[in-house]
Colleague: 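One structure coming up, written as structure tokens, with questions to follow.
Predicted model, so just to flag it, every value in this text is computed and none were measured.
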Amino acid sequence: MDAVDHINVDVDDLGSCFPFYRDVLDLDLLRPPSDFKGEHAMFEAGETVVTLAETGRAEAWDPEVLSHPLDKAHIAFETDRKRYEALLPELDGQFPKQGPYDWGEFEGFYFLDPDGNLLEIITYDPVPDDVDRTLLTHDDV
């Protein structure tokens with residue numbers, strides 16, 4: 001395998017998920033919902049296509065059932081440190097052990113989209129000197 005070509009994300013409410021992926025995650029829009037006969041939208045993140053499909057099969061994520069975000073499959077998006085730091089407070093406070101995590105070569109935190117899909121934002125950029133926070137690790141899982 002050379003790369004991830006595309007990812008399809010099941011959503012129950014394209015109306016709330018579409019602007020979240022477009023505006024909050026700032027993914028590049030390839031095809032809006034109006035381009036499809038069904039309820040779909042297509043974005044691009046780097047070389048990977050991310051398609052939202054309103055299928056009615058999305059799983060509701062219950063933070064009371066899972067003890068850690070790694071207990072559920074997720075999609076991780078890479079970004080630079082500036083965007084990472086901007087998204088962290090905006091998406092924080094959704095569930096316990098959300099992060100941020102020190103994963104060795106990169107830092108990441110987990111969050112939910114409006115339909116309950118688990119996502120992660122990561123950055124490989126170093127922590128700025130003026131940022132002081134405790135990072136979770138595998139030991140915290």
Colleague: If I take atom CG from residue Asn8 and atom OG1 from residue Thr51, how far apart are they, to the nearest 0.5 angstrom?
Modeller: 4.5 Å

Colleague: Examine distances only and state if a side-chain atom of Gln98 and a backbone atom of Leu91 form a donor-acceptor pair shorter than 3.5 Å.
Modeller: yes

Colleague: Return the minimal non-hydrogen interatomic distance between Phe109 and Pro100, and the atom names on each side.
Modeller: CB-CA, 3.9 Å

Colleague: Taking Asp125's backbone N and O only, do any of them form a donor-acceptor pair with Asp80's side chain (distance below 3.5 Å, no angle check)?
Modeller: no

Colleague: For Arg83, give me all partners under side chain to side chain donor-acceptor pair (under 3.5 Å), at least two apart in sequence or on another chain.
Modeller: none

Colleague: Nearest 0.5 Å, what's the CZ-CD distance between Arg133 and Glu85?
Modeller: 4.0 Å

Colleague: Kindly say whether Thr123 contributes a backbone atom to a donor-acceptor pair with the side chain of Arg81 at under 3.5 angstrom?
Modeller: no

Colleague: Evaluate the side-chain proximity of Phe43 to Val9: yes if any heavy-atom separation is below 4.5 Å, no if none is.
Modeller: no

Colleague: I need the Leu118 CG to Leu112 CG distance, nearest 0.5 Å.
Modeller: 6.0 Å

Colleague: Check the hydrophobic clustering (I, L, V, M, F, W, Y; side-chain heavy atoms under 4.5 Å; chains of links allowed) and say if Ile7 and Phe111 are grouped together.
Modeller: yes

Colleague: Of all the heavy-atom pairs spanning His40 and Ala53, show the shortest one and how long it is.
Modeller: CD2-CB, 3.6 Å

Colleague: What's in the same ILVMFWY side-chain cluster as Val127, cut-off under 4.5 Å, chained through other members?
Modeller: Val131

Colleague: Verify the neighbour count for atom CD of Glu90: are there more than 12 heavy atoms of other residues, nucleotides or ligands below 6.0 Å?
Modeller: yes

Colleague: Identify every side-chain donor-acceptor pair in residues 14-30 under 3.5 Å, counting partners at least two apart or on other chains, and give the distances.
Modeller:
residue, atom, partner, partner atom, Å
Ser16, OG, Asp13, O, 3.3
Ser16, OG, Asp13, OD2, 3.1
Tyr21, OH, Asp113, OD2, 2.8

Colleague: Quick one: does any side-chain atom of Glu54 pair with a main-chain N or O of Glu39 as donor and acceptor, under 3.5 Å?
Modeller: no

Colleague: How many angstroms lie between atom CD1 of Ile121 and atom CD of Glu78, to the nearest 0.5 angstrom?
Modeller: 10.0 Å

Colleague: Begin with the C-alpha distance, continue with both residues' side-chain angles, and end with the deciding distance and a verdict on ring-ring contact (aromatic ring centres under 6.0 Å, His included) for Tyr110 and Tyr101.
Modeller: CA-CA 9 Å; Tyr110 298 90; Tyr101 283 86; 5.8 Å; yes

Colleague: Got a second to check how far Leu87's CG is from Asp92's CG, nearest 0.5 Å?
Modeller: 11.5 Å

